[in-house]
Engineer: 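I'd like to ask you about the structure that follows.
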2 protein chains.
Amino acid sequence: MTAAPLDPLSKRRLKAWIRLLSVTRQTESRLRERLRVEHGTTLPRFDVMAALWRFHDGLTMSELSRALLVSNGNATVIVDRLEREGLVRRTPMESDRRTVQVKLTAQGKQMFDSMAMDHESEVNRLLGNLDAQDLEQLRAILLKANAQET
Amino acid sequence: MTAAPLDPLSKRRLKAWIRLLSVTRQTESRLRERLRVEHGTTLPRFDVMAALWRFHDGLTMSELSRALLVSNGNATVIVDRLEREGLVRRTPMESDRRTVQVKLTAQGKQMFDSMAMDHESEVNRLLGNLDAQDLEQLRAILLKANAQET
DNA sequence: CACTAAAGTTTCAAGCTTGAAACTATTCCC
DNA sequence: GGGAATAGTTTCAAGCTTGAAACTTTAGTG
């Protein structure tokens with residue numbers, strides 16, 4: 001539907017996107033490897049646990065998939081596996097019987113705690129070249145970019 | 001192995017990473033949807049074709065997976081499917097019989113051309129809020145971040 | 001109250017992705 | 001030349017991911 005790219009910045013935006021994707025993929029790949037080698041888990045499982053740790057009153061499945069920007073079906077299978085491993089618990093809601101509340105179990109909290117600091121220091125290492133000014137600029141740019149998402 | 005995160009910027013780097021991931025996922029999701037709806041294809045297929053278009057003398061499987069930051073096994077199945085659809089061709093190399101050269105077919109080139117401009121204008125729209133200065137800063141920051149990747 | 005629309009979740013098929021293992025071809029080194 | 005190590009590719013099992021369809025429950029409307 002969009003017309004031909006007369007915008008003179010079009011090519012630069014495309015290059016910026018490619019670079020953004022590349023840095024993100026490389027970083028994700030490092031983090032995935034670390035979780036696998038050091039903690040025997042995967043990035044999606046970690047992401048779910050991190051979200052549940054953050055919202056420690058629990059999240060519904062829909063809130064979870066929205067927070068993680070993944071599909072509902074995807075959230076279901078990851079929570080299924082975490083639940084089978086005893087790291088997470090589904091509780092049917094009284095107020096609205098369509099929904100379930102997902103929470104970390106005590107074991108899940110413990111597991112997450114054992115990973116979180118290591119994960120943070122790996123992120124800190126991977127982005128270690130960025131100083132305070134870089135981080136502030138990046139923050140501003142990403143917020144700006146995000147505002148566009150229709 | 002890394003020690004506790006005494007770095008005072010550690011938390012900010014973590015937040016920056018989460019934001020980076022979020023923007024990237026949202027953007028990827030938009031682009032994927034557009035390719036699906038408008039062109040009946042997927043992002044990984046598009047990525048492979050874009051790499052082959054860019055290096056129009058062809059790439060080996062290993063070069064391809066390195067360029068796309070995906071595993072060799074992954075590259076194999078995507079190229080398999082593209083080949084089955086006639087968009088791509090594998091040619092055994094004379095010089096080194098371990099390797100194959102992957103190239104776009106004429107049909108593949110045509111298909112890519114029909115998608116590329118649309119894809120670019122979608123990227124341009126999604127990052128439309130970023131002006132020349134933003135793009136330059138982003139470029140510098142991403143290059144800096146990239147330099148760290150051990 | 002019935003009907004309809006909407007929201008929340010799961011199921012499903014298809015495709016993507018990884019990392020390890022297997023296989024083939026090449027290069028290196030004695 | 002004969003191994004041994006290395007490089008390129010594919011195969012494989014397991015898990016991730018999507019989007020659509022089905023199912024259940026709730027809310028809204030007459």
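Chain letters run A, B, ... following the sequence lines, proteins first and then strands; every chain starts at 1. What you are looking at is a predicted structure, and each value in this text was computed from that prediction instead of being measured.
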Engineer: OP1 or OP2 of dC16(D) less than 4.0 angstrom from a side-chain nitrogen or oxygen of Arg81(A), does that happen here?
Structural biologist: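 So the side-chain polar atoms of Arg81(A) do come within 4.0 Å of the phosphate oxygens OP1 or OP2 of dC16(D), strictly under.
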Engineer: Quick check for you: to the nearest 0.5 Å, what is the distance between Thr27(A) atom OG1 and Trp17(B) atom CH2?
Structural biologist: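 Nearest 0.5 Å value for the OG1-CH2 distance: 4.5 Å.
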Engineer: Tell me the interatomic distance from Arg32(A), atom CZ, to dG15(D), atom C1', rounded to whole angstroms.
Structural biologist: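 Rounded to the whole Å, the gap is 11 Å.
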Engineer: Please tell me whether Leu69(B) and Leu43(B) are part of a single hydrophobic cluster in this structure, the criterion being side-chain heavy atoms less than 4.5 Å apart.
Structural biologist: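 No, no single cluster joins them.
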Engineer: Taking the side chain as every heavy atom from C-beta outward, state whether Gln133(A) and Gln137(A) have any atom pair closer than 4.5 Å.
Structural biologist: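 Yes. Closest side-chain heavy atoms under 4.5 Å.
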Engineer: Rounded to whole angstroms, how far apart are CD on Glu33(A) and P on dA20(C)?
Structural biologist: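 The distance from CD of Glu33(A) to P of dA20(C) comes to 8 Å, rounded to the nearest Å.
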Engineer: Would you indicate, yes or no, if dT10(C) has its OP1 or OP2 atom less than 4.0 angstrom from a side-chain nitrogen or oxygen of Arg90(A)?
Structural biologist: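 So the side-chain polar atoms of Arg90(A) do come within 4.0 Å of the phosphate oxygens OP1 or OP2 of dT10(C), strictly under.
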Engineer: Any side-chain N or O of Arg36(A) under 4.0 Å from OP1/OP2 of dA20(C)?
Structural biologist: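 For Arg36(A), the contact criterion (side-chain N or O under 4.0 Å from OP1 or OP2 of dA20(C)) is met.
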Engineer: Summarise protein proximity over nucleotides 3-8 of chain C in one line of letters, 5' to 3': B for base, S for sugar-phosphate only, - for none, counting protein heavy atoms closer than 4.0 Å.
Structural biologist: ----BS
Engineer: Just call it for Leu43(A): base, sugar-phosphate, or nothing, with non-hydrogen atoms closer than 4.0 Å on any strand.
Structural biologist: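 Nothing: the residue Leu43(A), judged by heavy atoms under 4.0 Å, touches no strand.
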Engineer: Between Ile78(B) (CD1) and dG15(C) (C1'), how many Å, whole number?
Structural biologist: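 In whole Å, dG15(C) C1' and Ile78(B) CD1 are 9 Å from each other.
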Engineer: Which nucleotide, dT17(D), dT11(C), dT10(D), lies nearest any side-chain atom of Asn74(A)?
Structural biologist: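 Given the options dT17(D), dT11(C), dT10(D), the side chain of Asn74(A) is closest to dT17(D).
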Engineer: Just how far, in rounded Å, is C1' of dT18(C) from CG of Leu68(B)?
Structural biologist: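 Distance check: Leu68(B) CG to dT18(C) C1' gives 15 Å.
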Engineer: How close or far is atom P of dG15(C) from atom CG of Leu35(B), stated in whole angstroms?
Structural biologist: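 Distance check: Leu35(B) CG to dG15(C) P gives 16 Å.
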Engineer: Using atom CD of Glu28(B) as one end and atom P of dG19(D) as the other, report the distance to the nearest whole Å.
Structural biologist: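 Result: 12 Å.
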Engineer: Using heavy atoms to find the nearest nucleotide of DNA chain D for Glu94(A) and Pro44(A) separately, return the residue whose nucleotide is more 5′.
Structural biologist: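 On the 5' side of the pair lies Pro44(A).
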Engineer: Among Thr76(A), Asn72(A), Asn74(A), find the residue that satisfies the side chain to side chain donor-acceptor pair (under 3.5 Å) test when tested with Ser65(A).
Structural biologist: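 The side chain to side chain donor-acceptor pair (under 3.5 Å) with Ser65(A) is passed solely by Asn72(A) among Thr76(A), Asn72(A), Asn74(A).
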Engineer: Whole angstroms only, please: what is the CG-C1' distance between Asp80(B) and dG15(C)?
Structural biologist: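 The answer, rounded to whole Å, is 13 Å.
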Engineer: Can any side-chain N or O of Gln101(B) pair as donor or acceptor with the backbone N or O of Asp57(B) at less than 3.5 Å?
Structural biologist: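 Flag set: sc Gln101(B) to bb Asp57(B) pair under 3.5 Å.
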Engineer: Between Arg90(B) and Asp80(B), does any side-chain N to carboxylate O distance fall below 4.0 Å?
Structural biologist: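 Salt bridge between Arg90(B) and Asp80(B), a charged N being under 4.0 Å from a carboxylate O: yes.
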Engineer: Rounded to the nearest 0.5 Å, what separates atom CZ in Arg139(A) from atom NZ in Lys15(B)?
Structural biologist: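 These two atoms lie 8.5 Å from each other.
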Engineer: What is the distance from CD of Glu85(A) to C1' of dG15(D), rounded to the nearest Å?
Structural biologist: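 Rounded to the whole Å, the gap is 12 Å.
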Engineer: Can you tell which of dT18(D), dT17(C), dT17(D) lies closest to the side chain of Val70(A)?
Structural biologist: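 Given the options dT18(D), dT17(C), dT17(D), the side chain of Val70(A) is closest to dT18(D).
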Engineer: For a quick check of understanding: with a heavy-atom distance under 4.0 Å over all strands, which category does Arg45(A) fall into, base, sugar-phosphate or nothing?
Structural biologist: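 Sugar-phosphate only.
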Engineer: Tell me which of Ser71(B) and Glu63(A) sits closer to the 5' end of DNA chain C, going by the nucleotide each one is nearest to.
Structural biologist: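 Between the two, 5'-proximity favours Glu63(A).
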